[in-house]
Amino acid sequence: MELKGNFLPQFDVRESQTTFVPSVKHDYLPVVGVFTRETCPAQYYRGKNLEVHCNNGQSIRNLPLSKNESSKLPELAFDRLQLTDKECTGLQRRKFGRFVARQAILDEEYWTAAWLRAEAHWEPLSYMRHVESHKRKYAEEEFYCLKRRCFAQEGNSLNCFCFVAIKKEDKNVRRTVLNSIVGTLDLSIRQFMQGETFPGEIKKVSAVLASQEPFNTHKYAYIANVCVARFARRQGIASNMLYLATDAATMAGMTQLFVHVNADNNPAQDLYKKTGFKVVEAASFPLRKDQRILMAMEL
């Protein structure tokens with residue numbers, strides 16, 4: 001997969017002194033799509049030990065993180081082989097070119113997705129000192145948060161799915177998970193707050209959700225954390241992951257799909273427009289600093 005950075009050794013995720021990173025404005029955002037990071041409270045990952053082991057066990061497992069802070073986290077085997085097509089039978093997939101997009105099911109796939117996001121987030125700041133340490137910390141945090149989101153233990157999502165794009169199975173070569181995943185995005189099913197017609201319309205968040213009757217009327221789908229490995233870009237990976245997410249949202253009964261994108265990220269806006277998204281004018285605030293544009297698609 002040619003991911004850069006050192007993320008194979010054992011990590012100790014502990015409380016440390018806070019490192020303040022200066023805010024740097026960049027005109028060019030190399031990340032494919034907007035990288036709208038979902039967050040979770042810091043206490044969920046501080047003080048944890050993430051043990052990285054290499055073994056040949058190939059059992060399929062996907063364990064939710066326990067709410068008990070003293071519980072042991074899953075072990076990650078970075079030499080774990082990617083699942084075969086037969087082992088993925090029943091999963092919603094989209095094949096294109098040399099790749100296939102599907103839902104992540106292995107803990108190693110969640111971790112690799114988290115590392116891709118760390119690479120994308122720190123890419124504009126690659127010149128900084130200790131950037132590899134920042135990326136490792138970012139990936140550790142994102143791994144814990146991603147697992148919690150996908151098991152409905154954190155965030156405002158009713159349901160969350162992590163999709164990954166992987167290299168197609170080769171008859172003569174069995175790749176590891178690390179060498180297979182080239183892209184990732186999250187699709188979440190959410191519910192409007194009372195009075196909302198688009199995400200974020202109500203600034204003072206109300207604890208009252210919109211009525212669930214009739215079924216799914218007040219729910220919507222939301223895309224976040226779209227990124228593609230640097231070496232694999234311009235091969236249709238982002239757009240095909242979006243098509244898969246669109247199909248999944250439709251199958252879930254959703255009629256609206258939303259995504260946020262930075263106002264100065266023109267390549268991302270073009271990508272979303274080509275896949276059917278339109279700008280939500282009512283959610284546009286031209287004078288706001290660090291403006292994000294909300295885009296929507298009717299399913």
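Because the structure is a prediction, the values reported are computed rather than measured.
Put simply, the side chain of R292 reaches to within 4.5 Å of the side chain of H260, judged on heavy atoms.
Ring geometry for W111 against F78 counts as tilted: the plane angle lies between 30° and 60°, on a 0 to 90° scale. Using the six-membered ring where Trp is involved, F192 and F258 have ring planes that are perpendicular, over 60° apart on the 30 and 60° scheme.
The existence of a salt bridge linking R117 and E140 is excluded, since no basic side-chain nitrogen approaches an acidic carboxylate oxygen closer than 4.0 Å. A salt bridge does not link E75 to R80: none of the charged nitrogens lies less than 4.0 Å from a carboxylate oxygen. Look at E123 and R230 and you find a salt bridge, because one of the NZ, NE, NH1 or NH2 atoms lies within 4.0 Å of a carboxylate O, short of that distance. Ionic pairing of E132 and K135 is present here: one or more N-O contacts between side-chain nitrogen and carboxylate oxygen are shorter than 4.0 angstrom. Electrostatic pairing of E109 and R102 counts as a salt bridge here, judged by a charged N lying under 4.0 Å from a carboxylate O.
Under a cutoff of 6.0 Å and an axis angle of 45°, R190 and Y220 do not form a cation-pi pair.
Between A232 and I237 the shortest heavy-atom distance is O-CD1, 3.3 Å.
Residues I223 and M251 fall into different hydrophobic clusters, defined by Ile, Leu, Val, Met, Phe, Trp and Tyr side chains chained together at heavy-atom separations under 4.5 Å.
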Item to complete: Evaluate the side-chain contact (heavy atoms from CB on, under 4.5 Å) criterion for residues W115 and E142: first the C-alpha distance (whole Å), next the side-chain angles of each, then the deciding distance (0.1 Å), finally the verdict.
Response: CA-CA 8 Å; W115 183 262; E142 177 61 20; over 6 Å; no
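Side chain to side chain, Q103 and R93 fail the donor-acceptor criterion of an N or O pair below 3.5 Å.
Take F161 and apply the ring pair (Phe, Tyr, Trp, His ring centres under 6.0 Å) test, not counting sequence neighbours, and it matches no residue.
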